[in-house]
Amino acid sequence: MNYAIKMLHNLLLLLLVPPFCHYHLSVQGSNQHERKPYIVYMGKVPMAETYAVENHHHSLLEAAIEDKQLARESKIHSYGKSFNGFVARLLPHEAERLQEEDSVISVFPNTYRQLHTTRSWDFLGMPLNLKRNSNVESNIIVGVLDTGIWVDCPSFNDKGYGPPPRRWKGKCQTGANFTACNKKVIGAKYFNLEDSNTGSDNMSPADDIGHGTHTASTAAGAAVKGASVYGIGKGTARGGVPSARIAMYKVCWSSGCSDMDMLAGFDEAIADGVNFLSVSIGGPSRDFLTDPIAIGSFHAMARGILTSCSAGNSGPRPMTVENVAPWILTVAASAVDRQFTTLVAFADGNNITGLSINTFAPKRKMYPLTTGLLAANDSRNVYGSASGCDYGTLSQDLVKGRIVYCVGGTGTQDLTIKELGGAGAIIGVDDKIDASYTTVIPGAFVEASSVGNTIEHYINSTKNPRAVIHKTTTKQIPAPFLASFSSRGPQTITPDILKPDLVAPGVDILAAYSKLATLTGYHEDNRYDVFNIISGTSMACPHATASAAYVKSFHPDWSPAAIKSALMTTATPIKVSDNFTELGSGSGQIDPVKALHPGLVYDIRINSYIAFLCKAGFNATNIGILIGRKNFNCSRIKPSPGTDGINYPSMHIQLFSASQRISAVFHRTVTNVGSTNSTYKAKVTVSRAFSVKVIPDKLHFTQLHQKLSFKVVLKGPPMSEEKFVESAALEWNDSKHTVRSPILVFKQPMD
Ligand SMILES: *[C@@H]1O[C@H](CO)[C@@H](O)[C@H](O)[C@H]1NC(C)=O
Ligand SMILES: *[C@@H]1O[C@H](CO)[C@@H](O)[C@H](O)[C@H]1NC(C)=O
Ligand SMILES: *[C@@H]1O[C@H](CO)[C@@H](O)[C@H](O)[C@H]1NC(C)=O
Ligand SMILES: *[C@@H]1O[C@H](CO)[C@@H](O)[C@H](O)[C@H]1NC(C)=O
Ligand SMILES: *[C@@H]1O[C@H](CO)[C@@H](O)[C@H](O)[C@H]1NC(C)=O
Ligand SMILES: *[C@@H]1O[C@H](CO)[C@@H](O)[C@H](O)[C@H]1NC(C)=O
Ligand SMILES: *[C@@H]1O[C@H](CO)[C@@H](O)[C@H](O)[C@H]1NC(C)=O
Ligand SMILES: *[C@@H]1O[C@H](CO)[C@@H](O)[C@H](O)[C@H]1NC(C)=O
Ligand SMILES: *[C@@H]1O[C@H](CO)[C@@H](O)[C@H](O)[C@H]1NC(C)=O
């Protein structure tokens, strides 16, 4: 398993349920007679006044189950505020029967998705004194689907905020450890449809995990001076749109985030009147019509709400990107210029630096140093690696009072060594490290093959090796760069759309945290704080959400796609550092201030998404139900031209054989949002692998909001054998604005 993921597992403890990948109705459970929750998704709520949502659901259930009593008992929940559908306990054959109903788009078993676990805003060019449209901004409501919220954090102090915007229809549910919302956090609800989350979780919007508090404050937290984690990372912590309001929808619990709870969150958030949705949750990509995040965000888009999602933490492996629907803003994670380093000094005067968040100042000058291998319990009866300090493999006598160097292992080394009374842990990892994780005892992470070797060598060649781990400090580094854990494309659902869309800070982000969770998430930890430093595409997503809200505060009439286009075409390309950088960074690092003046936007309205779904081969009957149009027939709408069939701000094709020539045509239409009278010229940068022609290569606008079309023609021989990515870029330039689109050709590896 990838190091970063492993660490995320630790941070989030039991939160990460193994992905359950069986979506087909025939492969459910070993016990065929046990009813399991299924989601029956039915698209748009019919407009007819006589339509009664619940009655319809009951009659469908009665027909499928053939027993009135059982049908009534089996229903768990009806959606119907923002889209139509319900959840019920079903047997596989009943689910199949429902699938055949005309009014049903899809039936899928409930699965669990996972969380994708201040300085960052300065780094993005948004200083504290930035020009803002605060009156408009304070009317923006950012909806967050996450683990809940801890309102008592200073980041959610509502001093100076007026009453909630008048259109707000949301509520504040109270309960255990959650007494009230305020004028900053104006709404909070929790969703526990299966009633299965009753263990240690609070039945209220209270955040037991810390993740939701962190993401919500990154998006819209108020500015807090002197924020730090035990003195580390001191500065002003704040959200990207500090005047905006927050509405929390708690859909994630210790057991994970279930499809049905997430859909319930979307159903209510859209109806409540949020302007943006921030969803730092993911799971294996699947067909949009059985993917709760794709479904929820589609209905959000139809109501003018942009949904931002995290791209996933499964990088640097390719084909790992999640949340790939074209109406979603898919966000990868980058590092900012501040790194958290931990100095380890040795008795011989040498020292090394590792990465970690170590809040502990040493109590003694030096501690004896050993390795997991040297501290192994030779009479153990547990399988595992002692050099990796796996649980049960070490001898307490040889660990107590010592700092232990572990290499390999499962990622819980610091906890194991704490339990044995050790003084510290230095953890060697095989992968590249670029994020700092909090340790439960004094600790540091190092790259095993380089720094780790130095440590081993010192131990091997010294009679009484000794070391001390210092408290973490910060250091300036060149940035941004793509985090190694950030998931990479290409995607497999709609291969011609480049995902992720862009990159935002997601490494070592300091933001608000819940007092109900310890800093590491371990019960064995006793450190609670209202701030914490966490990494993941989960942290990148709310940066993008806030950037979008910032753009909207200056351009309230822009569509979700126009805002997304502005953020993408003004992004700064990420420096290519490995073979997969381009597949993981989309248009590049987000630049919210530049995005206020994009010059041109690539807009996409709902009809264009429909045409795209038709072209991508989605079932026309289902598309009809999705948008609430009876007898919808794809052949009756204007077919969307070109290779990808959508007015996307980036351009992408995949080749599926070694002999396939590079050939594609992208049809695009741009809307002038810059100067009344302006002429844009096309500039193409491309390697020698293929040619790019832009027709026409000059666009002359004489009015604002005027639309002009062009096409981009790619031509070239098959890609050379050793290459799998070729890239180019198109820039429209009117001397005031640069409107950039990456062009990426990916060749599937052949075997
Ligand atoms: C949460 O609620 C429990 C039970 O009422 C209480 O003991 C505890 O102190 C509360 N936690 C915090 C951080 O307020
Ligand atoms: C670390 O070691 C270098 C030389 O190897 C030395 O110059 C420096 O002072 C040391 N730093 C500390 C904090 O001991
Ligand atoms: C070593 O392992 C054995 C078997 O698991 C256990 O009984 C014993 O207590 C361990 N010894 C030490 C010193 O931890
Ligand atoms: C240190 O000693 C161990 C055990 O003998 C050996 O496996 C390891 O390769 C040595 N490491 C170095 C860097 O010398
Ligand atoms: C990039 O890919 C090439 C060809 O597959 C390979 O030789 C090279 O080592 C890769 N480079 C990196 C940095 O992964
Ligand atoms: C769409 O699905 C429905 C029901 O599954 C099926 O009857 C219909 O033939 C499909 N339509 C198309 C155009 O494939
Ligand atoms: C859709 O329209 C085409 C052309 O008008 C027709 O041939 C086809 O049968 C229609 N399909 C459905 C499912 O009505
Ligand atoms: C518009 O721009 C063209 C050249 O780009 C210029 O000739 C013309 O005078 C401009 N018109 C106005 C009204 O500014
Ligand atoms: C855009 O055009 C202006 C003037 O025509 C030029 O100075 C600038 O360098 C161009 N920008 C890019 C990125 O080509």
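Predicted model only: the values in this text are computed from it and were never measured. Atoms within each ligand, like the ligands themselves, are counted from 1 in listed order.
Which parts of ligand 7 touch S635 is read off a 4.0 Å heavy-atom cut-off, strictly below it: atoms 1 (C), 2 (O), 3 (C), 4 (C), 5 (O). For ligand 3, the atoms lying closer than 4.0 Å to a non-hydrogen atom of D397 are 13 (C).
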Apply ring-ring contact (aromatic ring centres under 6.0 Å, His included) to residues Y513 and F531 and explain how you reach the verdict. CA-CA 5 Å; Y513 198 64; F531 293 101; 9.9 Å; no
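Ion pairing between K250 and D207 fails under the 4.0 Å rule for side-chain N and carboxylate O.
To the nearest 0.5 angstrom, I469 atom CD1 is 6.5 Å from N358 atom CG. Rounding to the nearest 0.5 Å gives a distance of 12.0 Å between NZ of K171 and SG of C181.
In terms of polar-atom proximity, R636 is not counted as a contact of ligand 7, lacking any N or O under 3.5 Å from an N or O of the ligand. The shortest N or O to N or O distance between N377 and ligand 3 is under 3.5 Å.
By the criterion of a heavy-atom distance under 4.0 Å, both the backbone and the side chain of N381 are placed next to ligand 3.
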What does the N/O contact table under 3.5 Å look like for ligand 1?
from     : atom 1 : to   : atom 2 : distance (Å)
ligand 1 : 2 (O)  : N177 : OD1    : 2.8
ligand 1 : 2 (O)  : N177 : ND2    : 2.6
ligand 1 : 11 (N) : N177 : ND2    : 3.0

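Residues F178 and C172 come closest through the heavy atom pair CE2-SG, 3.8 Å.
Counting non-hydrogen atoms of neighbouring residues, nucleotides and ligands closer than 6.0 angstrom, the OH atom of Y391 reaches no more than 12 such neighbours. Heavy atoms of other residues, nucleotides or ligands lying less than 6.0 angstrom from CG of N631 number 12 at most.
In this structure, F618 has its ring center under 6.0 Å from that of F288.
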